[in-house]
Each structure stands twice: as C-alpha cells, then as structure tokens.
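Heads up, the thing below is written out as structure tokens.
Side chains are part of it too, since the values below use all heavy atoms of this structure and drop only hydrogens, waters and symmetry mates.
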Amino acid sequence: DSGVTQTPKHLITATGQRVTLRCSPRSGDLSVYWYQQSLDQGLQFLIHYYNGEERAKGNILERFSAQQFPDLHSELNLSSLELGDSALYFCASSVVTSGYNEQFFGPGTRLTVL
Amino acid sequence: EDKVVQSPLSLVVHEGDTVTLNCSYEVTNFRSLLWYKQEKKAPTFLFMLTSSGIEKKSGRLSSILDKKELFSILNITATQTGDSAVYLCAVGETSGSRLTFGEGTQLTVNP
C-alpha cells in the first residue's frame, strides 16, 4: 500500500458523459501527478500539480481538466467521454518536485466508456 | 520527444533463473531513472538511479545506470513465481514534473 488513495476503483459510463476521479496523496506529499494507462499507449503523463498550482501538462485532452484543493487532494474531470477514453487512470504523489524524488502510485481508477 | 525503450518486451523463464531487463532512453533534461514493478494494478517503486556506475540492490534485485550510454539494466537473480509482473522503466526530468515510461517488460516465471 503506497498511501495514495483513489476513488472510485471502477467507473462505467456512457459516451458523452462527464466523470470525476478523486485522489488523495500520501501524507506530507505536495505534488500530485495524473497518468493514463491504456493497452495501446502504456503509461502516459497527463498533468502535475504542486501545492495547489498546475506545474506541467502532458498529453491531456482539452476535454480533461484537473485541480488540486487546499487539503492537497486532487480531482481529474473527464467530459464528453469517448470510447477511447476507456483506460486505467493513476494518480501518483511525491514529497517535492525536484526530479530526484520517486513518485508513489495509487491503486488506479478503471474507467469503462460504453 | 523524450523516449524510453525497454527490451525484451516479454520474457518467460523458470524459477531459479537469472534475468536481465534493459532500458535505454533519450531524454532532453535527464534527472533520474526509476524502475517500477506492476502486477495487477498500481506500479510499485523499486529503484531510483541518478548516478552512473553505482549499483542499487534490494534482495535479489539490483540495478545500475550508465549515463554515458543512456541505459540501465535491472537484474533479478534466483527468480521466483512472485516475480512475475510487468517491469516498467521511467525517466524523470529536471523539472520534476513528469515521468516518461517505457512500454514495460512482461516477465513470467514458471515453477
């Protein structure tokens, strides 16, 4: 158990819908990262927040957005869902953001879009 | 574009064998190389390497980084069925923002 929690574990929804994935980082970690893992793409970096501020964006679609709240938990919002958005979504956290710190991953949310 | 390539993509061995997994990278602002083990769900952290030539060890697992040749290897000795997993190599950049992952090596250890 990494100490990073994610809810829900599974989510099944229809195309065109909107969902929110939630992540709580390890105690004391200020950085939260979101990743998408699909069968054909591997693990892809989406976005990074540090202490409430957006630090970097990766391959994140415009239909997706995220935020980090004052209590440091983060939410990833996915809207206008398409079949291709079906994937495992991981949140990871780290203490700081120096590049020398390992990221610890949560258990993931499996999203299925029908 | 940053790139991480792992080989082999798949490996099947018998218990007790020793395996070597490879990871090469092309990253603009390299800071660290990390190895993760992914079984059913979340990747679990194994090692972080930042300096060339210094081996990191944890039990039967060890890893080393070559920053000149831009690669790393992960060795597992006396493999056990519990070592069956996907092993992911990732590279961290100086901003500390992202990890760029390779495709992973699917290791299967048969009894």
**Message:** Membership question, hydrophobic clusters at under 4.5 Å side-chain separation (ILVMFWY): are B/Leu49 and B/Tyr25 in the same one?
**Reply:** yes
**Request:** Under 4.5 Å, heavy atom to heavy atom: which of residues 98-111 of chain B reach chain A? Give them by number, or say none.
**Result:** B/Arg98, B/Leu99, B/Phe101
**Asked** Is A/Leu88 reachable from A/Leu111 through a run of I, L, V, M, F, W or Y residues, each pair having side-chain heavy atoms under 4.5 Å apart?
**Response** no
**Request:** Considering only heavy atoms, give the residues of residues 38-46 of chain B separated from chain A by less than 4.5 Å, sorted numerically, with 'none' for an empty result.
**Result:** B/Gln38, B/Lys41, B/Ala42, B/Pro43, B/Phe45
**Request:** Find out if a path of hydrophobic residues (ILVMFWY) with successive side-chain heavy-atom gaps under 4.5 Å connects A/Val32 to A/Phe45.
**Result:** no
**Request:** Tell me, for A/Gln44 versus chain B, whether the close heavy atoms (under 4.5 Å) come from the side chain, the backbone, both or neither.
**Result:** neither
**Item:** Residues forming a ring pair (Phe, Tyr, Trp, His ring centres under 6.0 Å) with B/Phe71, sequence neighbours excluded
**Value:** none
Acceptor/donor pairs from residues 9-25 of chain A side chains to any protein atom, 3.5 angstrom cut, sequence neighbours excluded:
residue	atom	partner	partner atom	Å
A/Thr20	OG1	A/Asn77	OD1	2.8
A/Arg22	NH1	A/His73	NE2	3.2

**Request:** Give, as side chain, backbone, both or neither, the part of A/Tyr49 having an atom under 4.5 angstrom from any heavy atom of chain B.
**Result:** neither
**Asked** Are B/Val19 and B/Leu74 grouped together when hydrophobic residues (ILVMFWY) are joined by side-chain heavy atoms under 4.5 angstrom apart?
**Response** yes
**Message:** Please evaluate residues A/Gln103 and B/Tyr36 with respect to the criterion side chain to side chain contact (heavy atoms under 4.5 Å, CB included), reporting the C-alpha separation (whole Å), side-chain torsions for both, the decisive distance (0.1 Å), and the verdict.
**Reply:** CA-CA 10 Å; A/Gln103 296 180 17; B/Tyr36 287 85; 3.7 Å; yes
**Asked** When you look at CG of A/Leu39, are more than 12 heavy atoms from neighbouring residues, nucleotides or ligands closer to it than 6.0 Å?
**Response** no
**Message:** Is there a path of hydrophobic side-chain contacts, each under 4.5 Å between heavy atoms of I/L/V/M/F/W/Y residues, joining B/Leu88 to B/Ile64?
**Reply:** no
